[in-house]
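Let me begin by presenting the structure, written as C-alpha coordinates, before commenting on it.
Numbers here are sequence positions counted from 1.
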Amino acid sequence: MKVSPSLLSANFANMLPDLEMINASESDYLHIDVMDGVFVPNISFGFPVMKSVSKVCNKPLDVHLMIVEPQKWISQVRDSGAKIMNVHQEACLHLHSCVQQIHSAGMKAGVTLCPATPVSTLTDIIEDVDLVLLMSVNPGFGGQPFIKHTVEKTRELRALIDRTGSKAVIEIDGGVNLETGKLLAEAGADMLVAGSFVFGASDPLETISQLKQL
(Lines give C-alpha, C1' and ligand atoms only; values in the text may rest on other atoms or scores of the structure.)
Protein backbone atom coordinates (compact mmCIF):
# COMPACT_ATOMS: atom_id res chain seq x y z
CA MET A 1 0.00 0.00 0.00
CA LYS A 2 1.23 3.49 -0.84
CA VAL A 3 0.79 6.16 1.84
CA SER A 4 0.40 9.92 1.42
CA PRO A 5 0.23 11.70 4.82
CA SER A 6 -1.86 14.87 4.73
CA LEU A 7 -0.08 18.08 5.70
CA LEU A 8 -3.46 19.52 6.72
CA SER A 9 -2.99 17.80 10.09
CA ALA A 10 0.57 19.02 10.67
CA ASN A 11 1.58 21.70 13.18
CA PHE A 12 1.12 24.92 11.20
CA ALA A 13 3.07 26.93 13.77
CA ASN A 14 6.18 24.84 13.12
CA MET A 15 5.96 22.46 10.17
CA LEU A 16 9.67 21.70 9.92
CA PRO A 17 9.72 18.83 12.49
CA ASP A 18 6.71 17.26 10.78
CA LEU A 19 8.35 17.56 7.36
CA GLU A 20 11.55 16.02 8.71
CA MET A 21 9.44 13.16 10.07
CA ILE A 22 7.90 12.65 6.62
CA ASN A 23 11.38 12.62 5.07
CA ALA A 24 12.47 9.91 7.48
CA SER A 25 9.32 7.85 7.02
CA GLU A 26 8.29 5.13 4.60
CA SER A 27 5.63 7.39 3.07
CA ASP A 28 5.45 7.57 -0.71
CA TYR A 29 4.03 11.10 -1.09
CA LEU A 30 3.06 14.16 0.91
CA HIS A 31 -0.61 15.08 0.41
CA ILE A 32 -1.36 18.81 0.24
CA ASP A 33 -4.95 20.06 0.31
CA VAL A 34 -5.44 23.44 -1.34
CA MET A 35 -8.80 25.05 -0.40
CA ASP A 36 -10.28 28.29 -1.66
CA GLY A 37 -13.22 28.92 0.67
CA VAL A 38 -15.57 28.66 -2.33
CA PHE A 39 -15.60 25.02 -3.47
CA VAL A 40 -15.21 24.01 0.19
CA PRO A 41 -15.98 26.06 3.34
CA ASN A 42 -12.37 26.44 4.41
CA ILE A 43 -9.08 28.00 3.28
CA SER A 44 -5.73 26.24 3.62
CA PHE A 45 -2.43 26.47 1.75
CA GLY A 46 -1.37 28.76 -1.07
CA PHE A 47 1.40 28.39 -3.63
CA PRO A 48 4.15 30.13 -1.58
CA VAL A 49 3.63 27.60 1.25
CA MET A 50 3.67 24.70 -1.23
CA LYS A 51 6.89 25.94 -2.80
CA SER A 52 8.54 26.28 0.61
CA VAL A 53 7.40 22.78 1.58
CA SER A 54 8.74 21.31 -1.67
CA LYS A 55 12.22 22.69 -0.88
CA VAL A 56 12.31 20.83 2.44
CA CYS A 57 10.32 17.68 1.73
CA ASN A 58 12.04 14.91 -0.22
CA LYS A 59 8.77 13.10 -0.95
CA PRO A 60 6.81 13.89 -4.14
CA LEU A 61 3.94 16.31 -3.57
CA ASP A 62 0.44 14.91 -4.14
CA VAL A 63 -1.58 18.12 -4.49
CA HIS A 64 -5.37 18.01 -4.11
CA LEU A 65 -7.10 21.17 -5.34
CA MET A 66 -10.44 21.71 -3.60
CA ILE A 67 -11.03 24.86 -5.62
CA VAL A 68 -13.22 26.18 -8.42
CA GLU A 69 -11.69 26.48 -11.91
CA PRO A 70 -8.53 24.51 -11.08
CA GLN A 71 -7.43 24.63 -14.73
CA LYS A 72 -6.42 28.27 -14.20
CA TRP A 73 -3.66 27.26 -11.78
CA ILE A 74 -1.92 24.36 -13.53
CA SER A 75 1.39 26.12 -14.14
CA GLN A 76 1.47 27.52 -10.59
CA VAL A 77 0.84 24.06 -9.13
CA ARG A 78 3.66 22.62 -11.22
CA ASP A 79 6.03 25.45 -10.30
CA SER A 80 5.23 24.86 -6.62
CA GLY A 81 6.72 21.38 -6.86
CA ALA A 82 3.69 19.14 -7.43
CA LYS A 83 4.18 15.74 -9.06
CA ILE A 84 0.46 14.84 -8.95
CA MET A 85 -2.32 17.38 -9.49
CA ASN A 86 -5.77 16.23 -8.32
CA VAL A 87 -8.80 18.18 -9.52
CA HIS A 88 -12.43 17.64 -8.59
CA GLN A 89 -14.76 16.22 -11.20
CA GLU A 90 -17.41 18.52 -9.74
CA ALA A 91 -15.25 21.63 -10.26
CA CYS A 92 -14.24 21.05 -13.90
CA LEU A 93 -16.60 22.03 -16.69
CA HIS A 94 -14.21 20.55 -19.26
CA LEU A 95 -12.54 17.74 -17.35
CA HIS A 96 -10.85 16.01 -20.29
CA SER A 97 -9.22 19.27 -21.39
CA CYS A 98 -8.01 19.91 -17.84
CA VAL A 99 -6.46 16.43 -17.63
CA GLN A 100 -4.68 17.02 -20.94
CA GLN A 101 -3.29 20.34 -19.71
CA ILE A 102 -2.01 18.75 -16.49
CA HIS A 103 -0.19 16.11 -18.52
CA SER A 104 1.23 18.76 -20.85
CA ALA A 105 2.59 20.57 -17.78
CA GLY A 106 4.55 17.43 -16.88
CA MET A 107 2.48 16.22 -13.93
CA LYS A 108 0.40 13.13 -13.29
CA ALA A 109 -3.32 13.90 -13.50
CA GLY A 110 -5.73 12.86 -10.76
CA VAL A 111 -9.50 13.25 -10.63
CA THR A 112 -11.27 13.48 -7.28
CA LEU A 113 -14.87 12.48 -6.47
CA CYS A 114 -16.87 13.83 -3.54
CA PRO A 115 -18.78 11.24 -1.46
CA ALA A 116 -22.08 11.76 -3.32
CA THR A 117 -20.57 11.68 -6.84
CA PRO A 118 -20.93 8.25 -8.47
CA VAL A 119 -18.01 6.35 -9.99
CA SER A 120 -19.95 6.14 -13.27
CA THR A 121 -19.16 9.82 -13.98
CA LEU A 122 -15.58 8.71 -14.73
CA THR A 123 -16.47 6.21 -17.47
CA ASP A 124 -15.39 8.51 -20.30
CA ILE A 125 -12.18 9.73 -18.62
CA ILE A 126 -10.87 6.73 -16.70
CA GLU A 127 -8.40 5.64 -19.38
CA ASP A 128 -6.83 9.12 -19.48
CA VAL A 129 -6.12 9.67 -15.78
CA ASP A 130 -3.23 8.46 -13.65
CA LEU A 131 -5.11 8.49 -10.36
CA VAL A 132 -8.63 8.66 -8.94
CA LEU A 133 -9.06 10.08 -5.44
CA LEU A 134 -12.23 9.03 -3.64
CA MET A 135 -13.21 11.29 -0.77
CA SER A 136 -14.36 9.18 2.18
CA VAL A 137 -15.39 12.33 4.08
CA ASN A 138 -16.88 15.57 2.84
CA PRO A 139 -14.04 17.80 1.63
CA GLY A 140 -12.97 20.84 3.60
CA PHE A 141 -12.00 19.71 7.09
CA GLY A 142 -9.79 17.04 8.64
CA GLY A 143 -10.78 14.65 11.41
CA GLN A 144 -14.22 13.65 10.07
CA PRO A 145 -15.60 10.10 10.49
CA PHE A 146 -15.19 7.65 7.62
CA ILE A 147 -18.16 7.26 5.24
CA LYS A 148 -18.67 3.49 5.09
CA HIS A 149 -20.12 3.44 1.56
CA THR A 150 -16.64 4.34 0.31
CA VAL A 151 -15.64 0.68 0.60
CA GLU A 152 -18.29 -0.37 -1.94
CA LYS A 153 -17.45 2.66 -4.06
CA THR A 154 -13.81 1.52 -4.11
CA ARG A 155 -14.92 -1.90 -5.38
CA GLU A 156 -16.94 -0.21 -8.13
CA LEU A 157 -13.96 1.89 -9.16
CA ARG A 158 -11.63 -1.14 -9.15
CA ALA A 159 -14.09 -2.96 -11.42
CA LEU A 160 -14.22 0.01 -13.82
CA ILE A 161 -10.42 0.24 -13.95
CA ASP A 162 -10.02 -3.49 -14.53
CA ARG A 163 -12.75 -3.57 -17.19
CA THR A 164 -11.29 -0.67 -19.20
CA GLY A 165 -7.62 -1.52 -18.77
CA SER A 166 -6.96 1.86 -17.17
CA LYS A 167 -3.67 2.29 -15.31
CA ALA A 168 -5.26 4.64 -12.77
CA VAL A 169 -4.26 4.30 -9.12
CA ILE A 170 -7.05 4.36 -6.52
CA GLU A 171 -6.41 6.81 -3.67
CA ILE A 172 -8.70 7.29 -0.65
CA ASP A 173 -8.81 10.37 1.59
CA GLY A 174 -10.71 10.79 4.84
CA GLY A 175 -11.10 8.90 8.10
CA VAL A 176 -8.29 6.51 7.25
CA ASN A 177 -6.89 4.35 10.04
CA LEU A 178 -5.74 0.75 10.31
CA GLU A 179 -9.31 -0.57 10.48
CA THR A 180 -10.75 1.41 7.57
CA GLY A 181 -7.47 1.08 5.67
CA LYS A 182 -7.70 -2.71 5.81
CA LEU A 183 -11.23 -2.63 4.39
CA LEU A 184 -10.14 -0.27 1.62
CA ALA A 185 -7.11 -2.39 0.76
CA GLU A 186 -9.33 -5.46 0.45
CA ALA A 187 -11.69 -3.47 -1.81
CA GLY A 188 -8.87 -2.56 -4.20
CA ALA A 189 -7.35 0.71 -3.00
CA ASP A 190 -3.72 1.39 -3.93
CA MET A 191 -2.95 4.49 -1.86
CA LEU A 192 -4.19 5.95 1.41
CA VAL A 193 -4.19 9.56 2.59
CA ALA A 194 -3.98 9.87 6.38
CA GLY A 195 -3.90 13.12 8.31
CA SER A 196 -4.81 13.15 11.99
CA PHE A 197 -4.20 9.39 12.25
CA VAL A 198 -0.54 9.96 11.34
CA PHE A 199 0.27 13.37 12.79
CA GLY A 200 -1.71 12.74 15.96
CA ALA A 201 -0.06 9.38 16.62
CA SER A 202 2.41 8.85 19.46
CA ASP A 203 4.75 7.28 16.90
CA PRO A 204 3.99 8.66 13.42
CA LEU A 205 6.82 6.70 11.78
CA GLU A 206 5.44 3.41 13.07
CA THR A 207 1.91 4.42 12.09
CA ILE A 208 3.01 5.10 8.52
CA SER A 209 4.84 1.77 8.48
CA GLN A 210 1.69 -0.03 9.65
CA LEU A 211 -0.39 1.61 6.89
CA LYS A 212 2.23 0.56 4.34
CA GLN A 213 1.77 -3.07 5.36
CA LEU A 214 -1.99 -3.14 4.67
Is a donor from one side chain sitting under 3.5 angstrom from an acceptor on the other, for Ser6 and Asp33? yes
Ion pair Glu156/Lys153, N-O distance below 4.0 Å: no
Sequence neighbours left out, what passes ring pair (Phe, Tyr, Trp, His ring centres under 6.0 Å) with Phe199? Give chain and number order. none
Answer whether the closest heavy-atom distance between the side chains of Ile67 and Val38 falls below 4.5 Å. no
Any donor-acceptor N or O pair under 3.5 Å, side chains Ser27, Ser25: yes
Does any non-hydrogen side-chain atom of His31 lie less than 4.5 Å from one of Glu171? yes
Between Thr180 (side chain only) and Gly175 (backbone N and O only), is there a donor and an acceptor less than 3.5 Å apart? yes
Going hydrophobic residue to hydrophobic residue with side-chain gaps under 4.5 angstrom, can you get from Ile43 over to Leu65? no
Do Val132 and Ile147 belong together in a cluster built from hydrophobic side chains that touch within less than 4.5 Å? no
Report yes if the side chains of Arg78 and Ile74 come closer than 4.5 Å at any heavy-atom pair, otherwise no. no
Donor-acceptor contacts, no H, no angles, side chain residues 112-129, under 3.5 Å, sequence neighbours left out:
residue : atom : partner : partner atom : Å
Thr117  : OG1  : Glu90   : OE2          : 2.5
Thr121  : OG1  : Pro118  : O            : 2.8
Thr123  : OG1  : Ser120  : O            : 2.9

Under the ring-ring contact (aromatic ring centres under 6.0 Å, His included) rule, what pairs show up with a residue in residues 2-26, not counting sequence neighbours? Phe12-Phe45
Could you pull out every donor-acceptor pair under 3.5 Å between side chains of residues 207-214 and any protein atom, sequence neighbours left out?
residue : atom : partner : partner atom : Å
Thr207  : OG1  : Asp203  : O            : 3.1
Ser209  : OG   : Glu26   : OE2          : 3.0
Ser209  : OG   : Gln213  : NE2          : 3.3
Lys212  : NZ   : Met1    : O            : 3.4
Lys212  : NZ   : Asp28   : OD1          : 3.2
Lys212  : NZ   : Asp28   : OD2          : 2.9
Gln213  : NE2  : Ser209  : O            : 3.4

Between Gln144 (side chain only) and Asn138 (backbone N and O only), is there a donor and an acceptor less than 3.5 Å apart? yes
Do side-chain atoms of Asp190 reach the backbone of Val169 as a donor and acceptor pair under 3.5 angstrom? no
Distance-only, no hydrogens or angles: does the Thr154 side chain make a donor-acceptor pair with backbone N or O of Ala187 under 3.5 Å? no
Using a strict 4.0 Å threshold on nitrogen-to-oxygen distance, state whether Asp130 and Lys83 make a salt bridge. no
Counting distance only, does the side-chain N/O of Arg158 pair as donor-acceptor with the main-chain N or O of Gly188 below 3.5 Å? yes
Can you sort out the partners of Asn14 under side chain to side chain contact (heavy atoms under 4.5 Å, CB included), two or more places apart, ordered by chain and number? Asn11, Leu16, Pro17
With rounding to the nearest 0.5 Å, note down the distance linking OG in Ser54 to CZ in Phe47. 12.5 Å
Residues at least two apart in sequence or cross-chain that pass ring pair (Phe, Tyr, Trp, His ring centres under 6.0 Å) with His88, listed by chain then number, are Phe39, His64
List the steps and the verdict of side chain to side chain contact (heavy atoms under 4.5 Å, CB included) for Lys167 and Ile161. CA-CA 7 Å; Lys167 303 299 184 184; Ile161 289 172; over 6 Å; no
Side chains of Gln101 and Ser97 only: does a donor on one sit below 3.5 Å from an acceptor on the other? yes
